[in-house]
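Written out below as structure tokens is the structure these notes cover.
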Protein chains: 2
Amino acid sequence: MAAYDHPDPATFELILVLRALADPARLDIVRHLGRVGEANCATLIGTRPKSSMSHHFQVLRESGVLRTRIEGVQHRNSLRFEELDARFPGLMTAILNAA
Amino acid sequence: MAAYDHPDPATFELILVLRALADPARLDIVRHLGRVGEANCATLIGTRPKSSMSHHFQVLRESGVLRTRIEGVQHRNSLRFEELDARFPGLMTAILNAA
DNA sequence: TGCTTTGTTCGAGTTTTGTCGAACAATATG
DNA sequence: CATATTGTTCGACAAAACTCGAACAAAGCA
């Protein structure tokens, strides 16, 4: 498996980040990653099928919200917190702290 | 025209707020209101038809992002900044400050 | 090599969301 | 009252997004 493309922080777009966050499954993923730091896809799948989750990871990745590191057969995801915070200060903090 | 219903801050939902913000037209409206404080609908209409804008105002209103005050024939809109900030600290500030 | 694990890609179907003209409602003003 | 102004509602259509099974791909291991 080739490594994923991740957008450069300079090209992050607020509207894409907001769209990525504006879905229950993805917001769950983001919050989970906010707590545990890094997790592979399987860990983050609840009852949803793999193909749905793969789609959500793609949306989050392409908007810049998370990065996916490949290690063997597992894909390890983590928030791009510092980069997001540099570009949109306070945004992710607000999301992660929201009730 | 009867006054609008505005949701109570206790019932604000992050996912609805994010969905409301995750649209170019609505993000424009929000940012404009962030600058000018209050504006009627006509002021905020660019090239889009009234019916489209009316829809966007409804989405923003129902999510709690803005309030609409009726004065004569005009509908004056303003952000519910304090209430949003109390419920989701830092969120609107981050949105309004974003590049 | 064959099997298992982990996750992607494809394609089709469903649902949600946005768009916008036309008709309508409320208020003000001549 | 007639007309203009401001904005909503309705309905139909278009576009975007989510869902998910099935087939596929890569890596590791027996």
Side-chain angles (χ1 to χ4, degrees), chain A residues 1-7 13-33 36 38-78, chain B residues 1-7 13-33 36 38-78:
Chain A
M1 189 79 205
Y4 289 103
D5 266 358
H6 293 93
E13 290 192 34
L14 181 59
I15 202 81
L16 292 183
V17 171
L18 291 174
R19 272 216 279 267
L21 297 173
D23 174 274
R26 294 195 292 262
L27 195 53
D28 280 352
I29 292 173
V30 167
R31 286 170 145 162
H32 187 92
L33 290 179
V36 307
E38 192 180 55
N40 64 348
C41 299
T43 306
L44 291 160
I45 289 183
T47 74
R48 294 171 230 258
K50 295 184 299 176
S51 52
S52 295
M53 291 313 252
S54 192
H55 163 68
H56 291 308
F57 283 114
Q58 184 183 357
V59 172
L60 288 167
R61 200 182 305 119
E62 292 181 347
S63 67
V65 173
L66 60 75
R67 120 189 67 234
T68 308
R69 181 169 68 82
I70 300 180
E71 193 161 309
V73 81
Q74 296 187 30
H75 294 199
R76 304 268 173 77
N77 302 285
S78 54
Chain B
M1 190 77 204
Y4 289 102
D5 266 358
H6 293 93
E13 289 191 35
L14 181 59
I15 201 81
L16 292 183
V17 171
L18 291 173
R19 273 216 281 264
L21 297 172
D23 174 275
R26 293 195 291 264
L27 196 52
D28 280 352
I29 292 174
V30 166
R31 286 170 147 162
H32 187 91
L33 291 179
V36 306
E38 193 182 53
N40 64 348
C41 299
T43 306
L44 292 159
I45 290 184
T47 75
R48 295 171 229 255
K50 295 184 300 175
S51 52
S52 295
M53 291 312 251
S54 192
H55 163 68
H56 290 310
F57 282 115
Q58 183 182 357
V59 173
L60 288 167
R61 200 182 306 119
E62 292 181 346
S63 68
V65 172
L66 59 76
R67 116 187 71 235
T68 308
R69 180 169 67 83
I70 300 182
E71 195 160 308
V73 81
Q74 296 189 31
H75 293 199
R76 304 268 173 75
N77 303 284
S78 54

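Chain letters run A, B, ... following the sequence lines, proteins first and then strands; every chain starts at 1.
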In whole Å, I'd like the distance from the [atom1] atom of [X] to the [atom2] atom of [N].
X: A:L66; N: C:dG7; atom1: CG; atom2: P; result: 13 Å
X: A:Q58; N: C:dT9; atom1: CD; atom2: C1'; result: 9 Å
X: A:L18; N: C:dT17; atom1: CG; atom2: C1'; result: 16 Å
X: B:R48; N: D:dG7; atom1: CZ; atom2: P; result: 17 Å
X: A:E71; N: D:dA27; atom1: CD; atom2: C1'; result: 12 Å
X: A:D5; N: C:dT8; atom1: CG; atom2: C1'; result: 15 Å
X: B:M53; N: C:dC20; atom1: CE; atom2: P; result: 11 Å
X: B:I70; N: C:dA28; atom1: CD1; atom2: P; result: 11 Å

Touch class at under 4.0 angstrom, heavy-atom based, for A:R76 against every strand present: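 Touches nothing.
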
Any donor-acceptor pair under 3.5 Å from B:R26 side chain to B:A20 backbone: yes

Flag, side chain of A:H6 to backbone of A:T68, donor-acceptor distance under 3.5 Å: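 Confirmed, A:H6 side chain pairs with A:T68 backbone.
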
Candidate nucleotides [options], ranked by approach to the side chain of [X] - the nearest:
X: B:K50; options: C:dT8, D:dG7, D:dT5; value: D:dG7
X: A:R26; options: D:dC18, C:dG7, D:dT8; value: D:dC18
X: B:V59; options: C:dG18, D:dC20, D:dG7; value: C:dG18

Would you say [X] places a side-chain N or O within less than 4.0 Å of OP1 or OP2 belonging to [N]?
X: B:N40; N: D:dT6; answer: no
X: B:H55; N: C:dG18; answer: yes
X: B:R19; N: C:dT16; answer: no
X: A:R61; N: C:dG7; answer: no

5' priority, DNA chain D, between B:C41 and A:H56 [closest heavy atom]: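 It is B:C41, whose closest nucleotide lies nearer the 5' terminus.
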
Cation-aromatic face contact A:R61/A:Y4, 6.0 Å, 45 degrees: yes

Aromatic ring proximity, centroids under 6.0 angstrom, B:H75 and B:F57: no

Earlier contact from the 5' end, DNA chain C, for A:S51 and A:Q74: A:Q74

B:L33 side chain reached by B:E38 side chain, heavy atoms, under 4.5 Å: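 They are not in contact (no side-chain heavy atoms under 4.5 Å apart), so the answer is no.
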
